[in-house]
Asker: 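Please find one structure pasted underneath; my questions will follow.
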Amino acid sequence: MSVIDLKNIVKTYDMGEAEVVHALSGVSMTIDRNEYVAIMGPSGSGKSTLMNVIGCLDTPTSGSYLFNGISVSDMDDNELAKVRNKEIGFVFQTFNLLPRSDALHNVELPLIYGGMPSSERKRRATQTLEHVQLGDRIHHKPNELSGGQRQRVAIARALVTQPSIILADEPTGNLDTKTGEEIMMLFEELHNQGNTLIMVTHEATVADHAHRVVRLRDGMIESDEPVKHRKSHSGPGKKKQEEEWQSIKNALGG
Amino acid sequence: MYYLLELKEGLIISFRAIRANKMRSVLTTLGIVIGIVSVTLMATAIEGVNRAFDKSAAAFGTDVLYVQKFPWMSNEDWSTIRNRPNLKVSDANTIERQARLIDAVAPVLTTRRQTSYGDNSMDNTFVTGTTYQYINASGNVLEDGRFFTVEESNGGRPVCVIGAVVAETLFPMEDPIGKSIRVAGHRFRVVGIFEKQGGLFGEFTADNRICIPINSFQSKFGSRRRWVTIQVRVVDLKEMDDAKIELEGIMRKVRHLQPGKPNNFNINQQEILTATFAPISMVIASIGLFITGLSLFVGGIGIMNIMFVSVTERTKEIGIRKAIGAKRRTILMQFLTEAAALCLMGGLIGLIIAFPLSLVIDSFLPTAMPFSVVFIAITISLAVGVISGFMPAYRAARMDPVEALRHE
């Protein structure tokens with residue numbers, strides 16, 4: 001069973017005065033567990049809208065969307081909030097951390113909304129921050145962290161609920177090349193550890209990290225193909241990392 | 001459990017937000033502070049007026065009936081009652097002989113004269129001529145000394161018992177007992193002092209009064225065309241109504257009134273005052289609380305305004321929270337908590353300011369900020385927070401996460 005199953009998704013925005021914008025006009029695709037997909041396209045191609053629909057932030061005007069086999073296209077606000085909380089981890093271009101909260105609290109937040117008791121929450125958030133190499137920064141506020149560190153906090157926040165998918169919107173867009181590369185390494189690692197990644201980007205170099213690239217144009221899929229000459233980032237350390245992540249997962253009871 | 005978690009998170013966020021905008025929070029809270037101060041002080045003052053009234057009314061004695069020519073409070077046409085016959089001192093004797101349910105009867109004649117002792121004098125002192133029974137018939141209590149005896153009373157001796165204010169005025173430094181004071185030139189020896197009563201009806205109480213034997217009064221100040229009051233104290237407060245009926249019967253017999261004819265006298269009692277005052281007090285309290293409540297209302301509008309600003313400022317934050325799984329209710333709770341916390345702070349600060357001010361009021365009126373006012377003030381400030389925070393919080397809760405995230 002696919003994690004994401006989109007069939008003929010249409011999204012229109014009524015701009016008033018009989019003007020209707022077709023952001024998505026019939027998108028169908030499936031994404032399986034542990035895929036690493038990049039969604040590309042020029043601005044106005046509908047990739048942000050598609051990401052919002054996939055991320056359950058928005059519902060399609062028509063079409064069917066099955067998330068883990070369950071239809072989300074006609075869920076109400078609260079049900080969508082629950083899906084976002086449990087099943088989806090967001091990573092944004094501008095990090096979108098809460099400025100007045102420290103790293104730990106930012107990472108804890110989804111668990112708070114999930115109703116997890118405090119001690120368990122703190123333990124898990126700390127472990128996840130350690131996993132993104134920020135174990136020594138857990139009480140730093142976002143303005144005390146570098147861009148790369150902020151994005152790591154955001155990634156930790158996305159990971160902490162062990163979601164079905166991680167949805168990244170231009171995750172390197174606000175980072176310099178070197179830091180962006182580091183973040184892409186981290187994504188690679190997360191993918192190797194079994195996570196499903198969906199990344200929206202307009203940069204080909206970033207999209208090259210993915211294993212499958214979906215190109216959008218004018219609200220429709222232009223092409224959908226695997227990346228053939230993918231640069232390999234999985235060196236000899238891959239197996240070790242995988243073991244490490246497995247041990248963390250076991251420790252978290254997930 | 002989940003709600004507690006949400007509430008705790010809401011409180012943490014609120015205090016962070018309040019701390020982040022200290023100046024703004026203080027200014028906004030000021031409206032609530034002023035509102036709570038004025039409402040609590042008004043409530044305290046009303047409580048004070050009521051207590052003062054009760055205390056003053058108590059000076060008339062709950063178990064004392066006043067047989068008089070005119071009613072204390074009346075809707076009757078003055079022209080129909082003004083030609084009533086005067087009461088006579090001898091009526092008191094008739095009542096004493098015939099009534100069963102009464103403990104003591106005293107006729108009372110009053111005039112206003114100047115009293116003096118040495119260089120100290122007091123104008124318009126109430127000079128009361130009465131019998132030895134007065135101390136029992138009035139319910140007044142002596143602070144010091146004694147009341148005049150049967151012999152002094154009947155013999156018209158030049159002795160007097162003075163009220164607390166009279167004692168303070170004429171004898172600021174000395175003990176009045178045994179001293180002779182002058183009442184309109186006539187000498188009277190002080191044998192006793194009444195206990196201080198205080199209250200709103202200052203000069204009508206025993207405080208401004210001096211009591212002298214009725215025979216002395218009549219010989220020194222004359223008795224014609226004076227209004228006699230007959231004070232009657234009932235044996236048992238429970239038989240008050242029966243005693244009143246008995247008294248009415250005796251007086252009608254004295255006056256030779258045919259059945260069916262209206263009384264040409266009145267039997268007054270403290271209850272009349274209380275019954276008259278209660279609705280007035282209600283009106284004053286309602287108007288006072290309404291007007292001061294307006295300032296609280298204005299404070300509430302301030303809170304609502306600043307919460308709208310806060311919601312707009314934090315649109316992005318709301319978007320982030322929604323993206324990672326905050327439900328509408330969670331966001332609603334968060335902003336309601338913030339508004340309620342602001343108002344609660346205002347309420348507490350208001351109480352802290354109002355308390356010393358209530359002590360100032362206490363020096364004019366016998367009052368203290370009642371505990372109920374503290375409780376109500378806290379409840380009201382919470383309610384103002386929740387009510388004025390609701391619209392902004394609802395707007396925040398209903399935000400579209402996509403729109404909110406796009407907001408910069």
Side-chain angles (χ1 to χ4, degrees), chain A residues 11 13 23 48-59 76-102 105-118 120-121 141-142 154 156-161 163 167 169, chain B residues 1-25 310-335 337-338 341 393-408:
Chain A
K11 181 74 189 178
Y13 292 104
S48 291
T49 307
L50 181 59
M51 198 200 82
N52 289 338
V53 170
I54 292 175
C56 294
L57 287 165
D58 211 348
T59 48
D76 69 17
D77 269 19
N78 279 342
E79 289 168 316
L80 287 175
K82 205 166 179 179
V83 173
R84 291 198 294 268
N85 183 245
K86 305 275 185 215
E87 306 294 347
I88 299 167
F90 287 97
V91 178
F92 299 96
Q93 178 177 1
T94 52
F95 323 133
N96 283 355
L97 298 173
L98 298 184
R100 288 194 287 267
S101 303
D102 63 15
H105 190 256
N106 266 295
V107 177
E108 267 186 283
L109 207 55
L111 301 178
I112 291 174
Y113 292 144
M116 187 181 281
S118 173
E120 168 76 357
R121 209 166 67 208
K141 299 235 168 94
R157 183 178 66 187
L159 276 176
V160 75
T161 55
L167 206 51
D169 181 12
Chain B
M1 178 63 210
Y2 183 63
Y3 286 96
L4 278 180
L5 197 70
E6 241 176 32
L7 185 67
K8 191 184 153 203
E9 173 69 12
L11 280 173
I12 293 170
I13 297 167
S14 310
F15 285 115
R16 277 207 191 105
I18 290 167
R19 222 176 31 209
N21 295 300
K22 276 194 207 78
M23 192 60 179
R24 191 167 88 186
S25 305
S310 181
V311 165
T312 308
E313 270 181 359
R314 282 146 74 189
T315 303
K316 180 106 179 178
E317 179 193 320
I318 294 163
I320 298 170
R321 287 177 186 277
K322 286 202 154 193
I324 60 175
K327 297 192 177 80
R328 280 185 176 187
R329 193 197 58 217
T330 315
I331 301 289
L332 186 79
M333 282 283 286
Q334 178 193 325
F335 283 97
T337 311
E338 188 172 323
Y394 188 69
R395 177 189 275 186
R398 289 202 33 149
M399 272 182 190
D400 174 23
V402 176
E403 291 283 327
L405 275 171
R406 209 176 286 152
H407 192 270
E408 286 303 329

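Below, chains carry the letters A, B, ... as their sequence lines are ordered, and counting in each starts from 1.
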Asker: Return yes if some donor-acceptor pair links the side-chain N/O of A/R84 with the main-chain N/O of B/K322 below 3.5 Å, else return no.
Answerer: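 Between the backbone of B/K322 and the side chain of A/R84 there is a qualifying donor-acceptor contact (under 3.5 Å).
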Asker: On a heavy-atom basis, which atom in B/A326 and which in A/A81 lie closest, and how many Å separate them?
Answerer: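 Looking at all heavy atoms of both residues, the closest pair is O-CB, 3.8 Å.
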Asker: What are the two closest non-hydrogen atoms of B/I324 and A/N85, and how far apart are they?
Answerer: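 Heavy-atom minimum between the residues: O-ND2, 2.9 Å.
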Asker: Distance from B/T330 atom OG1 to A/N78 atom CG, nearest 0.5 Å?
Answerer: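 Reported value, rounded in 0.5 Å steps: 8.0 Å.
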Asker: For residues B/K8 and A/I112, determine if any side-chain heavy atom of one lies less than 4.5 Å from a side-chain heavy atom of the other.
Answerer: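 The answer is no; the side chains never approach within 4.5 Å.
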Asker: Taking it one step at a time, do A/R157 and B/I320 satisfy side chain to side chain contact (heavy atoms under 4.5 Å, CB included)?
Answerer: CA-CA 11 Å; A/R157 183 178 66 187; B/I320 298 170; 3.6 Å; yes
Asker: Of all heavy-atom pairs between A/F92 and B/A323, which one has the smallest distance, and what is that distance?
Answerer: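 Here A/F92 and B/A323 meet closest at CZ-CB, 4.0 Å.
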Asker: Using side-chain heavy atoms (C-beta onward) and a distance below 4.5 Å, is A/D77 in contact with B/R398?
Answerer: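 No; the side chains remain at least 4.5 Å from each other.
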Asker: Heavy-atom cut-off 4.5 Å, strictly under: side chain, backbone, both or neither for A/L97 against chain B?
Answerer: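 Interface part for A/L97: backbone (N, CA, C, O).
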Asker: Please find the pair of heavy atoms, one from B/K316 and one from A/N96, that lie closest to each other, and give the distance.
Answerer: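 Distance-wise, the nearest heavy atoms are CE-OD1, 3.0 Å.
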Asker: Do other residues, nucleotides or ligands put more than 12 heavy atoms under 6.0 Å from the CZ atom of B/R395?
Answerer: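 No, CZ of B/R395 has 12 or fewer neighbouring heavy atoms, counting only those of other groups under 6.0 Å.
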Asker: Sort out for me which of A/L109, A/D58, A/T161 touches chain B most, counting heavy-atom pairs under 4.5 Å.
Answerer: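 Result: the option with the highest number of such pairs is A/L109.
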Asker: Between A/Y113 and B/G325, which heavy-atom pair has the shortest distance, and what is it?
Answerer: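 Smallest interatomic distance, heavy atoms only, reads CB-O, 3.8 Å.
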Asker: Show the nearest heavy-atom pair for residues B/D400 and A/L57, with the distance to one decimal.
Answerer: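 Looking at all heavy atoms of both residues, the shortest contact is OD1-O, 4.2 Å.
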Asker: Answer with side chain, backbone, both or neither: which region of B/R314 has an atom nearer than 4.5 Å to a non-hydrogen atom of chain A?
Answerer: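 The side chain, not the backbone.
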Asker: Any side-chain heavy atom of A/L98 within less than 4.5 Å of one from B/R16?
Answerer: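 In short, these two side chains do not touch, never coming nearer than 4.5 Å.
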